[in-house]
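Hydrogens, waters and symmetry mates are skipped; everything else that's a heavy atom, side chains included, is used.
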Amino acid sequence: NQIQKDISRERFIVSVVGEFSNGKSTFINRLLGNETILPVGNLPTTAILTHIRYADQPKMVVFDDKGTRQAVLDIQPESWEGLTVNNFGGKNPKGCVIMGLPNAWLGKNNIEIVDCPGAGDLSEERAEIVGEVLGRANGAIIALKATAALSNSERIFIRNRIISRKIPF
């Protein structure tokens, strides 16, 4: 029943994109008023798409890359074990997480925020996923470093993944 209700509701989807370690997850945590919703780190951390939307109870549902539900978890730091980037040669996770939060702003505005993996890390597969998500988004927030000029890879990303795909907002 909840899935049916979710499908029938139209959301404004905003993807938060940018190179790795540019503060995408930190921005979302602060936007939603909770510093511990999404894991953050100095190395690339976000490995899979995380869709954040309103729900009556806080939960995270993990899906594999074929869309099969793997787990329903409480939102806590330990729930992210095995779902973040393994920066030292191990196997990185695939799939997505749908996180439901009882956040009044998300519910009132019917907004879904998508935390994307970093587009500038070494995984072309993750970069392709970001491109696909941008194609389905109503808008995008691009996280850039405030202390440096746009890098060449950021310029290419903006030109090829956002402007050329005519992301509307």
Please report the shortest heavy-atom distance between [X] and [Y], naming the atom on each side.
X: G95; Y: I48; result: O-CB, 3.4 Å
X: L73; Y: S79; result: CD1-O, 3.6 Å
X: S25; Y: D115; result: OG-OD2, 2.6 Å

Closer than 3.5 angstrom, by distance alone: can the side chain of [X] be matched with the main-chain N or O of [Y] as a donor-acceptor pair?
X: N138; Y: I13; result: yes
X: N110; Y: E10; result: yes
X: T50; Y: V97; result: no
X: Q57; Y: A55; result: no

Side chain to side chain, [X] and [Y], heavy atoms closer than 4.5 Å:
X: Y54; Y: D56; value: yes
X: C116; Y: L49; value: yes
X: F63; Y: I98; value: yes

**OP:** Determine the sole option in V114, V14, L32, L31 for which the side-chain contact (heavy atoms from CB on, under 4.5 Å) test with I52 is passed.
**Re:** L32
**OP:** For side-chain contact (heavy atoms from CB on, under 4.5 Å), just list the numbers for I111 and W105, CA-CA rounded to whole Å, side-chain angles, deciding distance to a tenth of an Å, and then say yes or no.
**Re:** CA-CA 8 Å; I111 291 176; W105 180 76; 3.8 Å; yes
Original post:
In terms of hydrophobic clustering (I, L, V, M, F, W, Y; side-chain heavy atoms under 4.5 Å; direct or indirect links), are V61 and I37 co-clustered?
Top reply: no
**OP:** May I ask whether L38 and V72 are part of the same hydrophobic cluster, defined by side-chain heavy atoms of I, L, V, M, F, W, Y residues being less than 4.5 angstrom apart, directly or through others?
**Re:**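 No, no single cluster joins them.
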Subject >> V62/R69 under side-chain contact (heavy atoms from CB on, under 4.5 Å): CA gap, chis, key distance, verdict >> reply: CA-CA 6 Å; V62 180; R69 184 171 67 180; over 6 Å; no
